[in-house]
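First the proteins, then the strands, lettered A, B, ... as listed; each starts at 1.
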Number of protein chains: 2
Amino acid sequence: MTGKTEKDIFVRFLADRGMRMTNQRGLILDAFLRTEKHLSPEELYGLIRRKDRSIGQATVYRTLKLLSEAGLAREVDFGDGVLRYEHSYGHEHHDHIICERCHRNMEVVDERIEELQERLAKKYGFRLTGHKMYLYGICRECRKKQG
Amino acid sequence: MTGKTEKDIFVRFLADRGMRMTNQRGLILDAFLRTEKHLSPEELYGLIRRKDRSIGQATVYRTLKLLSEAGLAREVDFGDGVLRYEHSYGHEHHDHIICERCHRNMEVVDERIEELQERLAKKYGFRLTGHKMYLYGICRECRKKQG
DNA sequence: TTGATCATGATAATCGTTATCATTTTCGGG
DNA sequence: CCCGAAAATGATAACGATTATCATGATCAA
Ligand SMILES: [Mn+2]
Ligand SMILES: [Mn+2]
Ligand SMILES: [Zn+2]
Ligand SMILES: [Zn+2]
């Protein structure tokens, strides 16, 4: 039952802060969970709009921010000026590799890199709290097509 | 004589594209080279303005973009919505570690990480063309001040 | 039921950046 | 030098993503 646990978490998160679960927040959470992609608020707004014409885009922005704080979503910044969100609950940390031609992207992890990042930070006197790593390249398919 | 070689490079870069070295471009390049910092266009604009009240900010934006293409500057995106530029000529690639409290930042490199990134990309069928890695943490000074 | 609180959607505002365009500067022949 | 094409500039408008504002509507607990 996808979404059951997540909805519970969200409801609790909201309650803890004196906020309410609403119809709109439910719709947005559902649509978000149903879509296994890195979604921009605009994209999600477009999806939901097809079901409910009355929803406002401000609410989508607001709710995605809330989902992030609740630990259900995670912000992803590919560096193209648009913020995207990915599932966070039950999805381990990972980094991304993005094709510069077709923008196809994959999720990758390398434990050795993670470990070395930790050490690197320590070496410079920092307590590491997080990191962003984006690899840019040309994917196999695009290389086949031309050079 | 800081700036001599860089100016030559810029002049040649411009000439190759049928563009001209101008007074403004010279001023901007000088101020950029004189400042050893990650500079936003606004900051640079502020600096130059103190010397020449007549300069336009559009010219600063335009020129920084040109300097990037000429290989003299490099864009840096700390993820706070402002694009910054750093020296590129004679400055090897490096990554950054940023304090989330005071925004102090350091330049760091780990050859083992660079190597592993290369392999990771290959493993997923990508030819790596570049990467962005930003480590976020709390610096020593900030940890001393409070927790 | 009823007021207090919270959420919503439309819209204005913000902010960094880019586009537009009239004006100025530059440059290479005459 | 002087000219006209080409390029550059600066003021300003426009842009796109996001956030703030605010009047209206929904929800809650007593
Ligand atoms: Mn992802
Ligand atoms: Mn740097
Ligand atoms: Zn591709
Ligand atoms: Zn600090």
Exercise. Could you tell me whether A/Lys65 and A/Glu69 make a salt bridge, using a distance below 4.0 angstrom between a side-chain N and a carboxylate O?
Key: no

Quiz prompt | Integer-rounded Å distance: C/dG9 C1' and A/Arg53 CZ | solution = 14 Å

Practice problem: Return the value, rounded to whole Å, for the distance between atom CZ of A/Phe78 and atom C1' of D/dA17. | Solution: 17 Å

Self-check item: C/dG9 phosphate, OP1 or OP2, under 4.0 Å from A/Gln24 side-chain N/O
Solution: yes

Exercise. With sequence neighbours excluded, tell me which residues meet side chain to side chain contact (heavy atoms under 4.5 Å, CB included) with B/Val11.
Key: B/Lys7, B/Met21

Practice problem: Scan nucleotides 17-30 of chain C nucleotide by nucleotide, 5' to 3', and note B when protein non-hydrogen atoms come under 4.0 Å of the base, S if they reach only the sugar-phosphate, - if neither. | Solution: BBBB-----BS---

Quiz item: Heavy-atom contacts under 4.0 Å between residues 10-19 of chain A and DNA chain C, which residues?
Solution: A/Gly18, A/Met19

Quiz prompt | salt bridge (charged side-chain N to carboxylate O under 4.0 Å, His left out) partners of A/Asp16, counting only residues at least two apart | solution = none

Quiz item: For A/Leu64 and C/dT8, what is the distance between atoms CG and P respectively, to the nearest whole Å?
Solution: 13 Å

Self-check item: Residue pairs passing the ring-ring contact (aromatic ring centres under 6.0 Å, His included) test where at least one lies in residues 40-75 of chain A, sequence neighbours excluded
Solution: none

Exercise. Take atom CG of B/Leu44 and atom P of C/dG16, then tell me their distance rounded to the nearest Å.
Key: 15 Å

Quiz item: Within a strict 4.5 Å, meaning less than it, do heavy atoms of the A/Tyr85 and A/Leu67 side chains meet?
Solution: no

Quiz prompt | 5'-to-3' dot-bracket of DNA chain C (Watson-Crick, G-U; under 3.5 angstrom; crossing pairs as [ ]; | other strand) | solution = ||||||||||||||||||||||||||||||

Quiz item: To the nearest Å, how far apart are A/Ile55 CD1 and D/dA26 P?
Solution: 14 Å

Practice problem: Can you tell me the distance, in whole Å, between the CG atom of A/Asp77 and the P atom of D/dA17? | Solution: 13 Å

Exercise. Kindly determine whether A/Met106 and A/His94 satisfy side-chain contact (heavy atoms from CB on, under 4.5 Å), including the steps that lead there.
Key: CA-CA 10 Å; A/Met106 309 195 64; A/His94 56 260; over 6 Å; no

Quiz item: Which residue, A/Ile55, A/Leu47, A/Thr22, A/Asp52, forms the side chain to side chain contact (heavy atoms under 4.5 Å, CB included) with A/Ile28?
Solution: A/Ile55

Quiz item: Taking 4.0 angstrom as the limit, do A/Glu118 and A/Lys122 come out as a salt bridge?
Solution: no

Quiz item: For the pair made of CG in A/Leu39 and P in D/dA17, what is the distance, rounded to whole Å?
Solution: 15 Å

Quiz item: Do A/His93 and A/His131 have ring centres separated by under 6.0 Å?
Solution: yes

Quiz item: What about the rings of A/His103 and A/Phe78, do their centers lie closer together than 6.0 Å?
Solution: no

Self-check item: Beyond-backbone contact of B/Leu72 with B/Ser88, side-chain heavy atoms, under 4.5 angstrom
Solution: no

Practice problem: Using atom CG of B/Asp80 as one end and atom C1' of D/dT18 as the other, report the distance to the nearest whole Å. | Solution: 15 Å

